[in-house]
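Just below is one structure, and these are the notes that go with it.
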Number of protein chains: 2
Amino acid sequence: MGLLSKSTEYALRAVLYVASRKDAKYVSIREISDELGVSFHFLTKILQRLTRKGLVVSYRGPGGGVALARPAGRITLMDIVEAVEESDLFTSCILGLAGCGEKKPCPLHGQWARERTGLGKMFRQTTIAKLAGHVVRDKLRLADG
Amino acid sequence: MGLLSKSTEYALRAVLYVASRKDAKYVSIREISDELGVSFHFLTKILQRLTRKGLVVSYRGPGGGVALARPAGRITLMDIVEAVEESDLFTSCILGLAGCGEKKPCPLHGQWARERTGLGKMFRQTTIAKLAGHVVRDKLRLADG
DNA sequence: CTATTTTCAGACATCACAGTCTGAAATTGG
DNA sequence: CCAATTTCAGACTGTGATGTCTGAAAATAG
Ligand code: FES
Ligand code: FES
């Protein structure tokens, strides 16, 4: 099992792609799906979700597409993950028990809570701007190959 | 998405339960499923996998059940996870790209690789004995409620 | 206005994981 | 031997995530 769902993976890659094309006003979903090598229709549904959540704005018709709703420096990985994934990764018990907390911990609670906090920090502190800049400067990939 | 699959969660809980019943020779799957509150048949399939992988030994007939194949101090969480999960969590790209490594990193590689290493250490260094001891001494739960 | 482009919306299909069920094989106790 | 107990094996079903398809709605260009 991967850490993130396919939907979240695609969402992150798509947003990073849009952010790395700072010059463009709107980027069409068709262009994104072609560049990332993922299904157009599936990506459309995912981006619609980001649109409804207010992370990206969209525009229909020729020259339309999607754009970030606010500066990439104010969008974190956690924003995206929370928008598309209904995951309790950062709050739930690693053994799947009901209610994770200090009151009734499972035997793994201590160690998992520490790792989870580290992961949460990474997702909350890393912005799209930082990663997109990395993509542009170092020509990092957002697709296979 | 949780970090572990249901199968892995059940496997860990079952092994911890067996380890925390040091006095017993064999623990029946029925007893385990009752205590953990999970499906008997489903748990059976999971424990059969652990048996085939050589992590537990089983015995049929009255008084039969499963037991750890070696001292709990020499079974790590990673042993269990690798036995039941065909997960690449500790080797694959967090964006799902083909081939994760320094040669062709994705923009998240650096940060994810660090977190992943921490997680891997936790799973490799934590033994069943340590956690089961914790369960017995502090009466920690392995089931809901 | 008309044709084209593009997102929006939702139905439908596919697939892997989770869970259920039935019966066979092994072991024990009487 | 016989009956009860328990694991082993595999077929079957349910469910949610993934992926595909068709058409409507909005915007642009001519
Ligand atoms: S109770 Fe299990 S991780 Fe917190
Ligand atoms: S290439 Fe993406 S995490 Fe290593």
Side-chain angles (χ1 to χ4, degrees), chain A residues 1-14 18 24-34 36-69 81 83-89 95-96, chain B residues 1-14 18 24-69 81 84-89 95-96:
Chain A
M1 190 178 278
L3 187 72
L4 305 173
S5 66
K6 278 286 172 219
S7 296
T8 307
E9 288 177 2
Y10 291 174
L12 286 173
R13 290 166 62 193
V18 171
K25 241 183 109 142
Y26 288 98
V27 185
S28 79
I29 302 179
R30 178 66 70 181
E31 173 185 341
I32 303 174
S33 71
D34 283 350
L36 299 186
V38 305
S39 152
F40 166 73
H41 289 289
F42 191 32
L43 184 58
T44 293
K45 290 205 304 187
I46 296 167
L47 287 178
Q48 280 170 9
R49 241 170 119 163
L50 291 184
T51 303
R52 282 194 293 272
K53 295 280 185 171
L55 284 171
V56 308
V57 291
S58 61
Y59 212 79
R60 289 195 254 206
V66 298
L68 302 186
V81 171
V84 300
E85 194 136 352
E86 70 301 332
S87 162
D88 309 312
L89 183 62
L95 292 183
Chain B
M1 190 179 281
L3 187 71
L4 305 173
S5 66
K6 278 286 171 217
S7 296
T8 306
E9 289 176 3
Y10 291 174
L12 286 172
R13 290 167 61 192
V18 171
K25 241 184 110 142
Y26 287 99
V27 184
S28 78
I29 302 179
R30 179 65 70 182
E31 172 185 341
I32 303 174
S33 71
D34 283 351
E35 288 296 322
L36 299 187
V38 306
S39 153
F40 165 73
H41 288 289
F42 190 31
L43 185 59
T44 293
K45 290 206 304 187
I46 297 167
L47 287 178
Q48 279 171 8
R49 238 168 123 161
L50 291 183
T51 303
R52 282 194 294 271
K53 295 280 185 170
L55 284 170
V56 308
V57 291
S58 62
Y59 212 80
R60 289 195 255 205
V66 299
L68 302 186
V81 171
V84 301
E85 194 136 352
E86 70 302 328
S87 162
D88 309 313
L89 182 62
L95 293 183

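Both backbone and side-chain heavy atoms feed into the values below; hydrogens, waters and symmetry mates do not. Residue numbering restarts at 1 for every chain, and letters A, B, ... go by the order of the sequence lines.
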Indicate, with a heavy-atom threshold strictly under 4.0 Å, whether B/Tyr26 touches base, sugar-phosphate, or nothing. nothing
Using the closest heavy atom to pick a nucleotide of DNA chain D for each, name whichever of B/Gly64 or A/Lys6 lands nearer the 5' end. B/Gly64
Calculate the interatomic distance between B/Glu31 atom CD and D/dT6 atom C1'; express it in whole Å. 13 Å
What is the separation between atom CD1 on B/Ile46 and atom P on D/dC8, rounded to the nearest whole Å? 14 Å
In short, B/Leu4 meets B/Leu12 closest at the heavy-atom pair CD1-CD1, 3.7 Å
Where B/Leu47 and B/Ala14 come nearest, the two heavy atoms and their spacing: CD2-CB, 4.1 Å
Please determine whether a side-chain nitrogen or oxygen atom of B/Ser39 lies at a distance below 4.0 Å from atom OP1 or OP2 of C/dT20. yes
Spacing between B/Leu50 atom CG and D/dT7 atom C1', to the nearest angstrom: 14 Å
Could you give the NE2-to-C1' distance, from B/His41 to D/dA9, as a whole number of Å? 12 Å
Does a side-chain N or O of B/Ser7 approach OP1 or OP2 of C/dC17 to a distance below 4.0 Å, or not? no
Record whether the side chain of A/Lys45 comes under 3.5 Å of the base of D/dG19 through a donor-acceptor pair of N or O atoms. yes
Please list all pairs meeting ring pair (Phe, Tyr, Trp, His ring centres under 6.0 Å) that have one or both residues in residues 28-49 of chain B, counting only residues at least two apart or in different chains. B/Tyr10-B/Phe42
Using a cut-off of 4.0 Å on non-hydrogen atoms, how would the nucleic acid contact of B/Ile29 be classed: base, sugar-phosphate, or nothing? sugar-phosphate
To the nearest angstrom, how far is B/Arg30 atom CZ from C/dT20 atom C1'? 12 Å
Under 4.0 Å between a side-chain N or O of B/Tyr10 and OP1 or OP2 of C/dA18? no
Determine: side-chain N/O of B/Ser58 to OP1/OP2 of D/dC8, distance under 4.0 Å, yes or no. yes
Per B/Ser5 side chain, nearest of listed nucleotides D/dG19, C/dA18, D/dT7: C/dA18
Nucleotide N/O to protein N/O under 3.5 Å, stretch nucleotides 24-30 of chain C:
| residue | atom | partner | partner atom | Å |
| --- | --- | --- | --- | --- |
| C/dA25 | N3 | B/Arg60 | NH1 | 3.4 |
| C/dA26 | O4' | B/Arg60 | NE | 3.3 |

Between B/Gln48 (CD) and D/dG10 (C1'), how many Å, whole number? 10 Å
Check the distance between C/dA18's P and B/Glu9's CD and give it to me in whole angstrom. 9 Å
Could you give the CZ-to-P distance, from A/Arg52 to C/dG10, as a whole number of Å? 8 Å
Could you work out which one of C/dC8, D/dC8, C/dC17 sits closest to the side chain of A/Thr44? C/dC8
